[in-house]
Structures are given as C-alpha cells and as structure tokens.
Amino acid sequence: MSYFNNVSNIKYEGSSSSNPLSFKHYNPEEVIGGKTMEETLRFAVAYWHTFQADGSDPFGVGTMLRPWDHLTGMDKAKARVEAAFEFFEKINVPYFCFHEVDIAPEGRTLAETYKNLDEIVAMIQEYMKTSQVKLLWNTANNFTNPRWLHGAATAPNADVFAYAAAKVKKGLEIGKELGAENYVFWGGREGYETLLNTDMKLELDNLARFFHMAVDYAKEIGFTGQFLIEPKPKEPTKHQYDFDVATGLAFLQKYDLADHFKFNIEANHATLAGHTFEHELRTARINGMLGSVDANQGDMLIGWDTDEFPTDLYSTTLAMYEILLNDGLGSGGLNFDAKVRRGSFEPEDLFHAHIAGMDAFAVGLKVAHRLLEDRVLEDFISDRYESYTTGIGLDIVQGNTDFHKLEQYALSLGEIKNKSGRQERLKAIVNQYLLEAQVASVR
Ligand code: XLS
Ligand code: NI
Ligand code: NI
C-alpha cells in the first residue's frame with residue numbers, strides 16, 4: 001500500500017535543477033568540515049504536524065487532504081504509521097519525533113491508552129527493524145485533554161500530577177523500547193493565567209520534584225537518552241514557566257537538575273520570548289546546554305507560534321554558526337516542528353515543505369562553515385576584546401585586581417578611545433558569504 005503515489009524518493013540534484021521534488025542544496029553524503037551533511041544536520045520529521053495536523057485554526061475547520069482521512073481509531077493510527085515510514089524514506093530524513101497521542105488514540109481509561117500505545121509501538125518497532133529511521137525523541141502530550149486545563153506537573157490538583165507522572169513513566173519506557181536518543185519536556189500548560197489563584201512557589205517546587213522523579217526513573221530502567229527542556233514564554237498559558245533558556249537554566253540550577261538536562265530550542269519560541277533564535281542557541285551553547293533544535297520560523301507580523309517551515313537563510317546561517325561552534329548537536333537534531341499552511345492542503349505540500357526546510361539548513365551549514373573557516377567573525381571579535389589580553393585587562397580576567405587598583409588606574413587615564421563595532425560592515429560580509437554560497441553551487 002502506498003500513500004504518496006505520485007512522489008518518488010527525493011534526491012539531491014543541485015541548485016540548477018528545475019525539479020521541484022529534489023534537493024537543491026541538501027546533499028546528505030557531501031562532507032563539510034569533516035562530517036557529512038546528514039551527520040551534522042540530523043533532520044527529524046515531527047509526527048504531530050505532518051501526520052496529525054488537519055489545518056484547522058480558531059476561525060475554520062480542517063483543510064488538509066490526507067490518504068488516511070477515511071479511517072478512524074486504531075485503523076487510522078496504523079495507516080498513519082505506514083504512511084509515516086513511507087514518508088521518512090521518500091524524504092530521506094534519519095529521525096522522527098512524536099507525542100504519544102500522535103501515534104495512538106487515547107482510550108477511555110489510562111489502561112486503555114497504554115493498550116493502544118503498546119500495539120502501535122510494537123508496529124513501529126517492526127518498521128524500525130527494516131528502516132534506517134531512528135527516534136530522535138518522544139514526549140508526553142500533557143496539555144490537550146481537558147484534564148490538563150490547569151496544567152500537569154504544576155496543576156493545583158495532585159491527581160493530575162499523578163496522571164502526568166504515569167504518562168511520562170510510560171513515555172520513558174517507550175523511549176527505551178524504541179531507542180530514543182532524547183526525551184523532551186515541553187511545558188504544555190505548565191504556567192499560569194493569573195497570580196490571583198496561583199501558588200507559584202508550590203507549582204515550581206512540584207515541577208522540580210516531577211523532573212527529579214523522571215531522572216530517577218530513567219536511571220532505574222536504564223533509559224540513557226538525553227533529557228531536554230523546550231522553553232517557550234507564553235501560549236497556551238499567559239506565562240509559561242520555562243520562559244526561555246536563561247529562565248530554564250536558573251530553574252535547573254536552583255533545583256539541582258542542571259546535570260541531567262539540556263535545552264531543545266525552538267526558533268519560533270525564541271522570537272515569542274523577544275529573543276532571536278541565535279540568542280537562545282548562544283545562551284545554551286556558552287553554558288554547555290545546547291541539546292537539540294525545533295527547526296521552524298515565526299512570522300514577525302503575527303504574535304503567536306505559527307510554526308512555519310524554516311526558509312530564512314539568514315536565520316539558518318546564524319543558527320548553524322552556533323551549532324558548528326557547539327561541535328554539533330550531539331544526540332540532538334533538527335526537528336521540523338513546523339506545519340504546512342492551511343492553504344497548502346495537498347499531501348505533496350508535505351514534501352515541498354520539508355525540502356524547503358532541509359535546503360535552507362543545508363545552505364546555512366555551508367555558509368556558516370565558510371564563515372568559520374575564514375575566521376571572519378572570530379578575528380574581528382578577538383580584536384574587539386584585545387584589551388583583556390594585556391595590562392589592566394589581563395589583570396581583570398585573571399582576578400589580579402580590585403576596585404582600589406582600578407580606581408588608581410582610571411585616575412591615571414587620559415581620554416578613553418573606543419573602536420567602532422562595525423555592525424553594518426559585518427552584516428554586509430555575512431550577506432556576501434550567503435550570496436557567494438549560492439553562486440558557488442550554481443557554477
Ligand atoms: C509547542 C511545542 C511542542 C513541542 C513538543 O509549541 O513546540 O510542539 O515541541 O511538545
Ligand atoms: Ni517544539
Ligand atoms: Ni512551537
């Protein structure tokens with residue numbers, strides 16, 4: 001049975017190809033900086049957006065046409081697994097990611113949900129035996145069902161906390177069974193709507209207790225995947241507790257969890273927090289906490305999480321720059337937490353969208369690699385901070401001075417001379433590298 005009949009395996013054809021169903025820049029075997037593109041980029045398909053999303057929005061019903069539409073319940077779930085593995089193979093991604101509700105329908109009871117999950121997980125396991133595709137991460141959907149309306153691990157109701165724990169426990173068992181390389185905690189409804197009814201301290205303490213129990217259980221069953229927190233500042237709640245990387249890091253450090261977690265950074269969540277994507281990547285990287293990426297992009301004119309496929313080459317370049325400086329993503333990857341627009345309702349659009357995203361990151365990788373090779377920004381930056389390599393600057397960074405000595409030094413200074421930051425020049429250089437990457441691959 002084939003679900004995407006009119007699409008065959010997507011191949012690299014180079015930037016001069018006019019075949020829309022081909023990669024123009026993503027050449028999985030091409031070696032850049034000692035690693036193949038496939039090894040560095042580690043792309044993943046998000047099960048929820050690609051096989052579940054129906055295109056509905058607050059103003060209209062679903063629009064997507066999918067070859068499994070006529071089915072229901074477990075039959076639909078099984079068709080989706082078949083379709084998913086066909087899609088993974090045709091688009092040539094090495095990884096996928098899911099919430100448990102994406103792969104199997106919730107039952108009337110938790111036990112029934114487990115039963116549905118076990119059946120689908122066994123089916124996925126069979127497919128994984130013959131397929132190359134691996135599980136980048138799984139996660140729990142503890143936000144859609146009405147029981148989560150006040151949150152999960154931060155809910156005011158202890159029964160809800162217990163139910164959330166059971167779901168994560170099961171998720172870790174599934175992750176172990178399927179060889180997940182990471183396990184993700186996105187905040188869902190962990191946050192608040194109004195402080196008038198919220199015990200913020202208890203909710204945060206409980207969240208930490210929840211994470212500690214998850215760490216303990218992973219150890220108990222021998223689940224060795226990396227734990228990841230995915231920050232987001234708002235939506236669905238007004239204030240999400242895992243606001244951004246800096247907030248998440250302070251939380252992890254306060255509760256003695258920092259050794260067990262890294263961050264899964266989503267581009268659109270960064271911009272919702274009032275940061276750039278690269279700011280969040282940098283904050284995680286310099287703290288040794290950059291784990292994985294939800295590769296998408298937002299829309300500056302729309303104030304919510306639009307989860308668009310990433311096509312902005314400037315942004316993918318600066319993201320890949322951080323990722324290369326991080327020496328790659330380790331067990332993480334670039335997961336397309338992105339959905340086709342409501343008007344792009346044909347199955348074929350799923351291919352066009354992934355091709356666009358994969359090519360955008362491939363260009364980003366090439367350009368970032370050349371920028372690093374030529375030490376364009378590195379040399380400029382080390383020159384900019386040169387004053388800290390000798391004299392009083394060296395004393396400061398080596399801890400050999402104090403306010404008395406610094407005051408004496410300052411009093412002896414004549415007029416202070418600053419150097420230009422050359423921002424516009426640097427942006428022009430990055431553009432030059434971006435355009436040259438294009439030209440080079442057309443030749
Ligand atoms: C929602 C999040 C979600 C996580 C996984 O905004 O991005 O999709 O990635 O729960
Ligand atoms: Ni995400
Ligand atoms: Ni998102």
Side-chain angles (χ1 to χ4, degrees), residues 43-54 57-58 95-103 106 135-145 148 151-154 164 167-168 170-172 174-175 180-191 207 210-211 214 225-245 248 261-275 277 280-281 284 290-300 302-310 315 319 329 332-341 353 357:
F43 289 125
V45 169
Y47 212 96
W48 53 104
H49 286 309
T50 297
F51 306 111
Q52 280 282 0
D54 64 0
D57 70 11
Y95 289 100
F96 68 114
C97 301
F98 64 79
H99 305 81
E100 83 293 345
V101 301
D102 308 331
I103 59 165
E106 273 199 89
L135 182 56
L136 188 66
W137 49 262
N138 61 317
T139 186
N141 177 324
N142 288 351
F143 45 89
T144 298
N145 187 289
W148 313 116
T154 65
K167 295 254 323 270
V168 170
K170 182 72 177 168
L172 292 171
I174 291 172
E181 298 189 20
N182 309 270
Y183 186 85
V184 163
F185 295 87
W186 167 59
R189 293 179 194 274
E190 313 294 25
L207 186 58
F210 192 91
F211 285 148
Q226 172 69 50
F227 275 11
L228 299 168
I229 284 186
E230 181 179 325
K232 185 174 184 178
K234 55 187 165 200
E235 197 188 288
T237 73
K238 173 166 86 173
H239 182 102
Q240 299 279 119
Y241 287 134
D242 302 324
F243 195 93
D244 58 3
V245 172
F261 285 82
K262 286 186 176 173
F263 289 99
N264 180 38
I265 294 164
E266 179 166 323
N268 204 165
H269 297 182
T271 52
L272 281 177
H275 302 307
F277 185 20
E280 287 293 82
L281 293 167
L290 174 49
S292 199
V293 168
D294 268 4
N296 64 12
Q297 72 186 32
D299 186 321
M300 291 310 161
I302 301 178
W304 66 85
D305 197 16
T306 60
D307 285 347
E308 289 169 40
F309 271 85
S315 169
L329 288 169
L334 297 174
N335 167 47
F336 290 111
D337 192 351
K339 58 182 174 230
V340 288
R341 296 303 89 191

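Whatever order the structure lists ligands and atoms in, that order sets their numbers, starting from 1.
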### Message
Side chains of Asp244 and His275 only: does a donor on one sit below 3.5 Å from an acceptor on the other?
### Response
yes
Among His49, Glu230, His99, the residue with a heavy atom nearest to atom 9 (O) of ligand 1 is Glu230
The atom of Asp337 among N, O or S that is nearest the Ni ion (ligand 2) is OD2
Residues Lys232, Asp305: salt bridge by 4.0 Å N-O rule: yes
Note to self: Please verify the inter-ring angle class for Trp186 with Phe143; under 30° counts as parallel, over 60° as perpendicular, anything in between as tilted.
What the structure shows: perpendicular
The atom name of the N, O or S atom in Glu230 nearest to the Ni ion (ligand 2) is OE2
Which atom of Glu266 is nearest the Ni ion (ligand 3), counting N, O or S only? It is OE2
Any heavy atom of Lys232 under 4.0 Å from ligand 1? The part involved is side chain
**OP:** Verify whether the ring centers belonging to Tyr95 and Phe43 lie closer than 6.0 Å.
**Re:** no
Between Tyr241 and Phe243, does the ring centroid distance fall short of 6.0 Å?
no
Which atom of Asp294 is nearest the Ni ion (ligand 2), counting N, O or S only? It is OD2
- [ ] Take atom NZ of Lys170 as the centre, draw a 6.0 Å sphere, and report whether it contains more than 12 heavy atoms from other residues, nucleotides or ligands.
- [x] yes
Practice item. Evaluate the ring planes of Phe185 and Phe261, with Trp represented by its six-membered ring, and classify them as parallel (under 30°), tilted (30 to 60°) or perpendicular (over 60°). Key: tilted
(Q) Counting only nitrogen or oxygen atoms and a 3.5 angstrom limit, does Asp337 reach ligand 1? (A) yes
- Contact check, Asp294 vs ligand 1, heavy-atom distance below 4.0 Å: yes
With heavy atoms and a 4.0 Å threshold, my read on which part of Asp305 contacts ligand 1 is side chain
**Prompt:** Can you find a non-hydrogen atom of His269 under 4.0 Å from ligand 1?
**Reply:** yes
> Do you see an N/O/S atom of Asp305, backbone or side chain, under 2.8 Å from the Ni ion (ligand 3)?
Replying inline: yes
Does the side chain of Asp102 pick up a donor-acceptor pair with the side chain of Asn141 at under 3.5 Å? no
| query | Purely on distance, is any nitrogen or oxygen of Trp186 under 3.5 Å from one on ligand 1? | reply | no
For ligand 1, is there an N or O atom under 3.5 Å from any N or O atom of Trp137? no
Under 3.5 Å, is there a donor on one side chain and an acceptor on the other for Asn296 and Glu266? yes
